[in-house]
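Presented below is the structure to which this report refers.
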There are 2 protein chains.
Amino acid sequence: MKLSNGVEWALHSCVTLSQSREPVPAARLAELHGTPPAYLAKQLQALSRAGIVRSTAGQVGGYSLTRPAAEISALEVVRAIDGTEPAYRCTEIRQRGPLALPAERCERPCAIARAMAAAEEAWARALGEVTVADLAERIDADSGGTAMAAVGRWLTTTR
Amino acid sequence: MKLSNGVEWALHSCVTLSQSREPVPAARLAELHGTPPAYLAKQLQALSRAGIVRSTAGQVGGYSLTRPAAEISALEVVRAIDGTEPAYRCTEIRQRGPLALPAERCERPCAIARAMAAAEEAWARALGEVTVADLAERIDADSGGTAMAAVGRWLTTTR
DNA sequence: TAGAACTCGGACAGAAAATATCCGAGATCA
DNA sequence: TGATCTCGGATATTTTCTGTCCGAGTTCTA
Ligand code: SF4
Ligand code: SF4
(Lines give C-alpha, C1' and ligand atoms only; values in the text may rest on other atoms or scores of the structure.)
(Ligands and ions follow the chains in the order given, each with its own letter.)
Protein backbone atom coordinates (compact mmCIF):
# COMPACT_ATOMS: atom_id res chain seq x y z
CA MET A 1 0.00 0.00 0.00
CA LYS A 2 1.60 3.20 -1.17
CA LEU A 3 0.20 6.69 -1.16
CA SER A 4 1.18 8.99 -4.01
CA ASN A 5 3.94 11.38 -3.11
CA GLY A 6 2.09 14.37 -4.54
CA VAL A 7 -0.50 14.11 -1.78
CA GLU A 8 1.94 15.70 0.62
CA TRP A 9 2.56 18.62 -1.72
CA ALA A 10 -1.15 19.10 -2.32
CA LEU A 11 -1.90 19.25 1.39
CA HIS A 12 0.89 21.73 1.97
CA SER A 13 -0.33 23.82 -0.95
CA CYS A 14 -3.84 23.96 0.45
CA VAL A 15 -2.54 25.03 3.84
CA THR A 16 -0.44 27.70 2.18
CA LEU A 17 -3.30 28.93 0.02
CA SER A 18 -5.46 29.34 3.12
CA GLN A 19 -3.07 32.10 4.22
CA SER A 20 -3.51 34.25 1.11
CA ARG A 21 -6.70 35.73 -0.26
CA GLU A 22 -5.08 36.62 -3.59
CA PRO A 23 -4.27 33.90 -6.17
CA VAL A 24 -0.84 32.30 -5.90
CA PRO A 25 0.93 30.95 -9.03
CA ALA A 26 2.05 27.35 -9.10
CA ALA A 27 5.66 28.38 -9.60
CA ARG A 28 5.56 30.34 -6.34
CA LEU A 29 4.24 27.35 -4.41
CA ALA A 30 6.90 25.14 -5.97
CA GLU A 31 9.63 27.58 -4.93
CA LEU A 32 8.32 27.69 -1.38
CA HIS A 33 8.15 23.93 -1.05
CA GLY A 34 11.27 23.10 -3.05
CA THR A 35 9.48 20.77 -5.46
CA PRO A 36 9.66 20.29 -9.25
CA PRO A 37 7.50 23.17 -10.53
CA ALA A 38 5.92 21.37 -13.48
CA TYR A 39 4.96 18.35 -11.43
CA LEU A 40 3.39 20.38 -8.66
CA ALA A 41 1.33 22.10 -11.35
CA LYS A 42 -0.02 18.73 -12.31
CA GLN A 43 -1.27 18.10 -8.80
CA LEU A 44 -2.85 21.52 -8.65
CA GLN A 45 -4.68 20.77 -11.87
CA ALA A 46 -6.12 17.69 -10.20
CA LEU A 47 -7.26 19.84 -7.28
CA SER A 48 -8.86 22.20 -9.76
CA ARG A 49 -10.76 19.38 -11.42
CA ALA A 50 -12.04 18.27 -8.02
CA GLY A 51 -13.38 21.77 -7.31
CA ILE A 52 -11.13 22.40 -4.33
CA VAL A 53 -9.12 25.26 -5.87
CA ARG A 54 -9.97 27.77 -8.57
CA SER A 55 -7.50 28.72 -11.29
CA THR A 56 -7.17 32.26 -12.60
CA ALA A 57 -5.22 32.91 -15.79
CA GLY A 58 -3.36 36.05 -16.73
CA GLN A 59 -0.63 38.14 -15.25
CA VAL A 60 -1.87 38.25 -11.66
CA GLY A 61 -3.42 34.82 -11.88
CA GLY A 62 -2.76 31.68 -9.91
CA TYR A 63 -4.62 29.28 -7.63
CA SER A 64 -6.96 30.09 -4.76
CA LEU A 65 -9.29 28.07 -2.56
CA THR A 66 -12.93 27.94 -3.62
CA ARG A 67 -14.23 27.54 -0.06
CA PRO A 68 -13.17 28.54 3.44
CA ALA A 69 -10.39 26.28 4.69
CA ALA A 70 -12.65 25.10 7.51
CA GLU A 71 -14.96 23.50 4.96
CA ILE A 72 -12.26 21.50 3.13
CA SER A 73 -11.45 18.14 4.66
CA ALA A 74 -8.12 16.41 4.28
CA LEU A 75 -9.99 13.44 2.81
CA GLU A 76 -11.15 15.55 -0.12
CA VAL A 77 -7.60 16.56 -0.94
CA VAL A 78 -6.30 13.02 -0.74
CA ARG A 79 -9.12 11.70 -2.91
CA ALA A 80 -8.54 14.44 -5.48
CA ILE A 81 -4.91 13.45 -5.95
CA ASP A 82 -4.92 9.74 -5.34
CA GLY A 83 -8.28 8.82 -6.86
CA THR A 84 -11.50 7.59 -5.33
CA GLU A 85 -11.23 3.89 -6.02
CA PRO A 86 -10.65 1.76 -2.93
CA ALA A 87 -7.21 0.34 -2.18
CA TYR A 88 -8.52 -3.21 -1.98
CA ARG A 89 -10.11 -4.31 -5.24
CA CYS A 90 -11.91 -7.61 -5.29
CA THR A 91 -11.11 -9.81 -8.28
CA GLU A 92 -13.98 -12.18 -7.45
CA ILE A 93 -11.71 -15.17 -7.47
CA ARG A 94 -14.40 -17.13 -5.68
CA GLN A 95 -16.09 -17.34 -9.08
CA ARG A 96 -13.06 -19.04 -10.62
CA GLY A 97 -11.47 -22.43 -10.16
CA PRO A 98 -13.02 -25.87 -9.59
CA LEU A 99 -15.15 -24.70 -6.65
CA ALA A 100 -16.51 -21.63 -8.41
CA LEU A 101 -19.68 -20.28 -6.92
CA PRO A 102 -22.56 -19.42 -9.24
CA ALA A 103 -22.89 -15.70 -9.91
CA GLU A 104 -26.33 -15.62 -8.31
CA ARG A 105 -24.80 -16.26 -4.87
CA CYS A 106 -22.22 -13.46 -5.25
CA GLU A 107 -24.56 -10.53 -5.08
CA ARG A 108 -23.07 -9.02 -1.94
CA PRO A 109 -19.30 -8.81 -1.42
CA CYS A 110 -17.82 -11.67 0.55
CA ALA A 111 -16.52 -11.46 4.11
CA ILE A 112 -12.95 -10.65 3.13
CA ALA A 113 -13.99 -7.74 0.95
CA ARG A 114 -16.35 -6.52 3.68
CA ALA A 115 -13.60 -6.51 6.30
CA MET A 116 -11.28 -4.58 3.99
CA ALA A 117 -13.95 -2.07 3.12
CA ALA A 118 -14.74 -1.52 6.79
CA ALA A 119 -11.09 -0.80 7.52
CA GLU A 120 -10.86 1.70 4.69
CA GLU A 121 -14.03 3.35 5.91
CA ALA A 122 -12.45 3.84 9.32
CA TRP A 123 -9.43 5.41 7.61
CA ALA A 124 -11.60 7.72 5.56
CA ARG A 125 -13.67 8.76 8.58
CA ALA A 126 -10.57 9.69 10.57
CA LEU A 127 -9.30 11.76 7.65
CA GLY A 128 -12.66 13.37 6.96
CA GLU A 129 -12.85 14.85 10.44
CA VAL A 130 -9.73 16.96 9.86
CA THR A 131 -10.03 20.18 7.88
CA VAL A 132 -7.35 22.26 6.20
CA ALA A 133 -8.04 24.99 8.76
CA ASP A 134 -7.29 22.52 11.55
CA LEU A 135 -3.98 21.63 9.96
CA ALA A 136 -2.96 25.26 9.54
CA GLU A 137 -3.87 25.99 13.15
CA ARG A 138 -1.90 23.05 14.49
CA ILE A 139 1.17 23.82 12.38
CA ASP A 140 1.02 27.40 13.62
CA ALA A 141 0.74 26.23 17.22
CA ASP A 142 3.72 23.90 16.80
CA SER A 143 5.89 26.80 15.69
CA GLY A 144 4.79 29.07 18.51
CA GLY A 145 2.37 31.10 16.42
CA THR A 146 4.84 32.46 13.90
CA ALA A 147 4.81 30.05 10.96
CA MET A 148 1.55 30.99 9.26
CA ALA A 149 2.24 34.69 9.58
CA ALA A 150 5.64 34.20 8.01
CA VAL A 151 4.11 32.33 5.10
CA GLY A 152 1.55 35.05 4.49
CA ARG A 153 4.28 37.67 4.63
CA TRP A 154 6.51 35.81 2.19
CA LEU A 155 3.65 35.39 -0.27
CA THR A 156 2.93 39.11 -0.43
CA THR A 157 6.40 40.64 -0.18
CA THR A 158 8.40 38.55 -2.65
CA ARG A 159 6.65 39.38 -5.86
CA MET B 1 -3.34 4.58 -2.74
CA LYS B 2 -3.23 1.09 -4.16
CA LEU B 3 -3.08 -2.19 -2.33
CA SER B 4 -1.06 -5.00 -3.90
CA ASN B 5 -3.20 -7.50 -5.75
CA GLY B 6 -1.51 -10.47 -4.12
CA VAL B 7 -3.00 -9.51 -0.76
CA GLU B 8 -6.31 -10.97 -1.84
CA TRP B 9 -4.72 -14.25 -2.82
CA ALA B 10 -2.78 -14.42 0.43
CA LEU B 11 -5.92 -13.92 2.52
CA HIS B 12 -7.79 -16.55 0.56
CA SER B 13 -4.85 -18.93 0.93
CA CYS B 14 -4.78 -18.47 4.70
CA VAL B 15 -8.51 -19.14 4.93
CA THR B 16 -8.08 -22.24 2.82
CA LEU B 17 -5.11 -23.48 4.83
CA SER B 18 -7.17 -23.16 8.01
CA GLN B 19 -9.38 -25.97 6.69
CA SER B 20 -6.58 -28.49 6.29
CA ARG B 21 -4.23 -29.82 8.92
CA GLU B 22 -1.93 -31.40 6.37
CA PRO B 23 0.40 -29.24 4.23
CA VAL B 24 -0.99 -27.99 0.92
CA PRO B 25 1.34 -27.35 -2.05
CA ALA B 26 1.33 -23.94 -3.67
CA ALA B 27 0.28 -25.42 -7.01
CA ARG B 28 -2.88 -26.81 -5.39
CA LEU B 29 -3.83 -23.45 -3.95
CA ALA B 30 -3.21 -21.81 -7.31
CA GLU B 31 -5.45 -24.33 -9.05
CA LEU B 32 -8.21 -23.75 -6.51
CA HIS B 33 -8.05 -19.96 -6.84
CA GLY B 34 -7.36 -19.80 -10.57
CA THR B 35 -4.21 -17.70 -10.17
CA PRO B 36 -0.77 -17.85 -11.82
CA PRO B 37 0.95 -20.64 -9.85
CA ALA B 38 4.43 -19.15 -9.81
CA TYR B 39 3.24 -15.77 -8.64
CA LEU B 40 1.11 -17.15 -5.84
CA ALA B 41 4.19 -19.05 -4.71
CA LYS B 42 5.96 -15.72 -4.37
CA GLN B 43 3.29 -14.44 -2.02
CA LEU B 44 3.41 -17.62 0.04
CA GLN B 45 7.16 -17.19 0.41
CA ALA B 46 6.50 -13.76 1.86
CA LEU B 47 4.04 -15.27 4.32
CA SER B 48 6.68 -17.81 5.24
CA ARG B 49 9.24 -15.10 5.90
CA ALA B 50 6.74 -13.35 8.17
CA GLY B 51 6.25 -16.52 10.21
CA ILE B 52 2.57 -16.94 9.35
CA VAL B 53 2.91 -20.19 7.41
CA ARG B 54 5.44 -22.98 7.58
CA SER B 55 6.86 -24.61 4.47
CA THR B 56 7.56 -28.32 4.27
CA ALA B 57 9.68 -29.66 1.44
CA GLY B 58 9.51 -33.10 -0.09
CA GLN B 59 6.91 -35.23 -1.72
CA VAL B 60 4.05 -34.63 0.70
CA GLY B 61 5.21 -31.13 1.50
CA GLY B 62 3.48 -27.80 1.13
CA TYR B 63 2.37 -24.88 3.28
CA SER B 64 0.53 -24.97 6.58
CA LEU B 65 -0.36 -22.39 9.22
CA THR B 66 2.03 -22.05 12.13
CA ARG B 67 -0.68 -20.97 14.58
CA PRO B 68 -4.41 -21.50 15.08
CA ALA B 69 -6.39 -19.39 12.63
CA ALA B 70 -7.98 -17.54 15.54
CA GLU B 71 -4.56 -16.12 16.46
CA ILE B 72 -3.73 -14.74 12.98
CA SER B 73 -5.09 -11.29 12.29
CA ALA B 74 -5.85 -10.01 8.82
CA LEU B 75 -3.48 -7.13 9.53
CA GLU B 76 -0.56 -9.52 9.85
CA VAL B 77 -1.28 -11.03 6.45
CA VAL B 78 -1.61 -7.65 4.78
CA ARG B 79 1.61 -6.41 6.34
CA ALA B 80 3.46 -9.56 5.30
CA ILE B 81 2.57 -9.06 1.64
CA ASP B 82 2.42 -5.30 1.31
CA GLY B 83 5.21 -4.32 3.67
CA THR B 84 5.16 -2.51 6.98
CA GLU B 85 6.08 0.99 5.91
CA PRO B 86 3.23 3.50 6.17
CA ALA B 87 1.37 4.65 3.08
CA TYR B 88 2.08 8.31 3.79
CA ARG B 89 5.79 9.02 3.89
CA CYS B 90 6.90 12.43 5.00
CA THR B 91 9.58 14.03 2.82
CA GLU B 92 10.19 16.79 5.38
CA ILE B 93 9.62 19.50 2.83
CA ARG B 94 9.26 22.01 5.64
CA GLN B 95 13.05 21.82 5.91
CA ARG B 96 13.46 22.93 2.30
CA GLY B 97 12.81 26.18 0.47
CA PRO B 98 13.22 29.79 1.57
CA LEU B 99 11.23 29.35 4.79
CA ALA B 100 13.03 26.21 5.85
CA LEU B 101 12.76 25.45 9.52
CA PRO B 102 15.90 24.53 11.44
CA ALA B 103 16.24 20.81 12.09
CA GLU B 104 16.08 21.36 15.84
CA ARG B 105 12.41 22.37 15.60
CA CYS B 106 11.46 19.30 13.55
CA GLU B 107 11.90 16.69 16.23
CA ARG B 108 8.29 15.56 16.25
CA PRO B 109 6.31 15.03 13.02
CA CYS B 110 4.26 17.99 11.94
CA ALA B 111 0.47 18.20 12.09
CA ILE B 112 -0.09 16.88 8.58
CA ALA B 113 1.99 13.79 9.19
CA ARG B 114 0.28 13.27 12.55
CA ALA B 115 -3.18 13.37 10.98
CA MET B 116 -2.16 10.90 8.31
CA ALA B 117 -0.59 8.56 10.84
CA ALA B 118 -3.72 8.67 13.00
CA ALA B 119 -5.88 7.70 10.04
CA GLU B 120 -3.62 4.80 9.17
CA GLU B 121 -3.69 3.69 12.78
CA ALA B 122 -7.49 3.58 12.67
CA TRP B 123 -7.25 1.47 9.53
CA ALA B 124 -4.77 -0.92 11.12
CA ARG B 125 -6.86 -1.24 14.28
CA ALA B 126 -9.97 -2.17 12.31
CA LEU B 127 -8.00 -4.78 10.41
CA GLY B 128 -6.24 -6.11 13.49
CA GLU B 129 -9.51 -7.02 15.18
CA VAL B 130 -10.40 -9.51 12.45
CA THR B 131 -8.81 -12.95 12.49
CA VAL B 132 -8.52 -15.54 9.75
CA ALA B 133 -10.89 -17.74 11.75
CA ASP B 134 -13.48 -14.96 11.72
CA LEU B 135 -13.20 -14.68 7.95
CA ALA B 136 -13.59 -18.43 7.45
CA GLU B 137 -16.61 -18.49 9.72
CA ARG B 138 -18.29 -15.60 7.92
CA ILE B 139 -17.63 -17.02 4.48
CA ASP B 140 -19.09 -20.31 5.65
CA ALA B 141 -22.18 -18.58 7.03
CA ASP B 142 -22.69 -16.67 3.78
CA SER B 143 -22.80 -19.92 1.84
CA GLY B 144 -25.21 -21.62 4.23
CA GLY B 145 -22.56 -23.67 6.01
CA THR B 146 -21.34 -25.66 3.04
CA ALA B 147 -18.39 -23.72 1.61
CA MET B 148 -15.68 -24.58 4.12
CA ALA B 149 -16.63 -28.23 4.21
CA ALA B 150 -16.46 -28.36 0.42
CA VAL B 151 -13.00 -26.82 0.46
CA GLY B 152 -11.75 -29.32 3.02
CA ARG B 153 -13.19 -32.18 1.00
CA TRP B 154 -11.61 -30.95 -2.23
CA LEU B 155 -8.21 -30.63 -0.60
CA THR B 156 -8.18 -34.22 0.61
CA THR B 157 -9.89 -36.07 -2.25
CA THR B 158 -8.16 -34.63 -5.31
CA ARG B 159 -4.66 -35.76 -4.72
C1' DT C 1 21.25 -47.32 0.52
C1' DA C 2 20.70 -45.30 -3.98
C1' DG C 3 17.38 -43.23 -6.93
C1' DA C 4 13.57 -40.55 -8.37
C1' DA C 5 9.98 -37.39 -7.81
C1' DC C 6 8.14 -33.65 -5.72
C1' DT C 7 8.57 -29.50 -2.98
C1' DC C 8 10.18 -24.68 -1.91
C1' DG C 9 13.44 -20.65 -2.66
C1' DG C 10 15.40 -16.85 -4.74
C1' DA C 11 17.07 -14.92 -9.21
C1' DC C 12 15.34 -13.31 -13.94
C1' DA C 13 12.21 -10.58 -17.78
C1' DG C 14 7.91 -7.94 -19.00
C1' DA C 15 4.11 -4.70 -18.03
C1' DA C 16 1.94 -1.07 -15.64
C1' DA C 17 2.01 3.00 -12.95
C1' DA C 18 3.99 6.90 -11.02
C1' DT C 19 7.35 10.64 -11.61
C1' DA C 20 9.15 14.40 -13.98
C1' DT C 21 8.99 17.49 -18.07
C1' DC C 22 7.77 20.15 -22.14
C1' DC C 23 5.37 23.40 -25.11
C1' DG C 24 0.77 25.35 -26.73
C1' DA C 25 -4.00 27.85 -25.54
C1' DG C 26 -5.97 31.57 -23.06
C1' DA C 27 -6.42 35.60 -20.31
C1' DT C 28 -4.84 39.87 -18.11
C1' DC C 29 -2.52 44.19 -17.96
C1' DA C 30 0.29 47.98 -20.00
C1' DT D 1 -2.83 46.17 -30.06
C1' DG D 2 1.03 43.76 -28.18
C1' DA D 3 3.64 41.58 -24.77
C1' DT D 4 3.83 38.88 -20.71
C1' DC D 5 2.36 35.86 -17.52
C1' DT D 6 -0.83 32.16 -16.30
C1' DC D 7 -2.90 27.40 -16.69
C1' DG D 8 -3.82 22.94 -19.34
C1' DG D 9 -3.09 18.66 -21.36
C1' DA D 10 0.07 15.77 -24.17
C1' DT D 11 4.81 13.75 -23.86
C1' DA D 12 9.42 11.01 -22.05
C1' DT D 13 11.82 8.74 -18.10
C1' DT D 14 12.09 6.16 -13.95
C1' DT D 15 10.40 3.14 -10.49
C1' DT D 16 7.26 -0.34 -8.90
C1' DC D 17 4.52 -4.16 -9.46
C1' DT D 18 3.28 -8.31 -12.03
C1' DG D 19 4.51 -12.56 -13.93
C1' DT D 20 7.94 -16.35 -14.96
C1' DC D 21 11.84 -19.42 -14.75
C1' DC D 22 15.16 -22.91 -13.18
C1' DG D 23 18.21 -24.71 -9.34
C1' DA D 24 18.76 -26.45 -4.14
C1' DG D 25 16.82 -29.38 -0.75
C1' DT D 26 13.83 -32.91 1.22
C1' DT D 27 10.96 -36.95 1.41
C1' DC D 28 9.38 -41.25 -0.07
C1' DT D 29 10.17 -45.59 -2.66
C1' DA D 30 12.46 -49.61 -4.53
S1 SF4 E 1 -15.38 -11.00 -2.82
FE2 SF4 E 1 -14.26 -12.18 -1.26
S3 SF4 E 1 -14.22 -14.31 -2.11
FE4 SF4 E 1 -14.71 -12.93 -3.84
S5 SF4 E 1 -12.67 -12.45 -4.74
FE6 SF4 E 1 -13.14 -10.76 -3.28
S7 SF4 E 1 -12.13 -11.39 -1.38
FE8 SF4 E 1 -12.25 -13.26 -2.68
S1 SF4 F 1 3.79 16.82 6.06
FE2 SF4 F 1 4.60 17.87 7.92
S3 SF4 F 1 6.34 16.56 8.55
FE4 SF4 F 1 5.86 16.00 6.37
S5 SF4 F 1 7.21 17.37 5.12
FE6 SF4 F 1 5.23 18.46 5.37
S7 SF4 F 1 5.60 19.79 7.22
FE8 SF4 F 1 7.21 18.22 7.22
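Below, chains carry the letters A, B, ... as their sequence lines are ordered, and counting in each starts from 1. Just so you know, these numbers come straight off a predicted model, no measurement behind them.
- Nearest to the side-chain atoms of A/K42 among the listed nucleotides C/dG9, C/dA20, D/dC7 stands C/dA20.
- With rounding to the nearest 0.5 angstrom, the CG atom of A/L40 is 10.0 Å from the CD atom of A/Q45.
- Side chains of B/T131 and B/E71: a donor-acceptor N/O pair is absent below 3.5 angstrom, by distance only.
- Distances were taken from every side-chain heavy atom of A/W9 (C-beta onward) to each of D/dT16, C/dT7, C/dA20; the shortest belongs to C/dA20.
- Using a 4.0 Å heavy-atom criterion, one finds that A/R49 contacts the sugar-phosphate atoms exclusively.
- If you check D/dT20, D/dG8, D/dA10 against the side chain of B/A38, the one that comes closest is D/dT20.
- Nucleotides of DNA chain C nearest to A/G58 and A/P37 differ in position, and the one nearer the 5' end is that of A/P37.
- The residue among B/N5 and A/S48 whose nearest nucleotide of DNA chain D lies closer to the 5′ end is A/S48.
- Of the inter-residue distances, the one linking B/S73 atom OG with B/R125 atom CZ reads 13.5 Å to the nearest 0.5 angstrom.
- For B/E31 and C/dT7, the CD to C1' distance is 16 Å, given to the nearest whole Å.
- Among C/dT28, D/dT16, C/dA17, the nucleotide with an atom closest to any side-chain atom of A/Q59 is C/dT28.
- Both A/S4 and B/T56 lie near DNA chain C, and the one whose nearest nucleotide falls closer to the 5' end is B/T56.
- With B/I112 as the fixed residue, the side chain to side chain contact (heavy atoms under 4.5 Å, CB included) test singles out one of A/I139, A/V132, A/V7: A/I139.
- When distances run from any side-chain atom of A/S55 to the nucleotides D/dG8, D/dC28, C/dG9, the shortest one goes to D/dG8.
- Distances shown here put a side-chain N or O of A/Q45 below 4.0 Å from the OP1 or OP2 atom of D/dG9.
- Using a 4.0 Å heavy-atom cutoff across all strands shown, B/A26 reaches sugar-phosphate atoms only and no base atom.
- At a threshold of 4.0 angstrom between heavy atoms, the contacts of B/G62 are confined to the sugar-phosphate backbone, with no base atom among them.
- In this model, the phosphate group of C/dT21 is not approached by any side-chain N or O of A/Y39 to a distance below 4.0 Å at OP1 or OP2.
- Screening B/I72, B/V130, B/D140, B/V77 for a side chain to side chain contact (heavy atoms under 4.5 Å, CB included) with B/L135, the sole residue that qualifies is B/V130.
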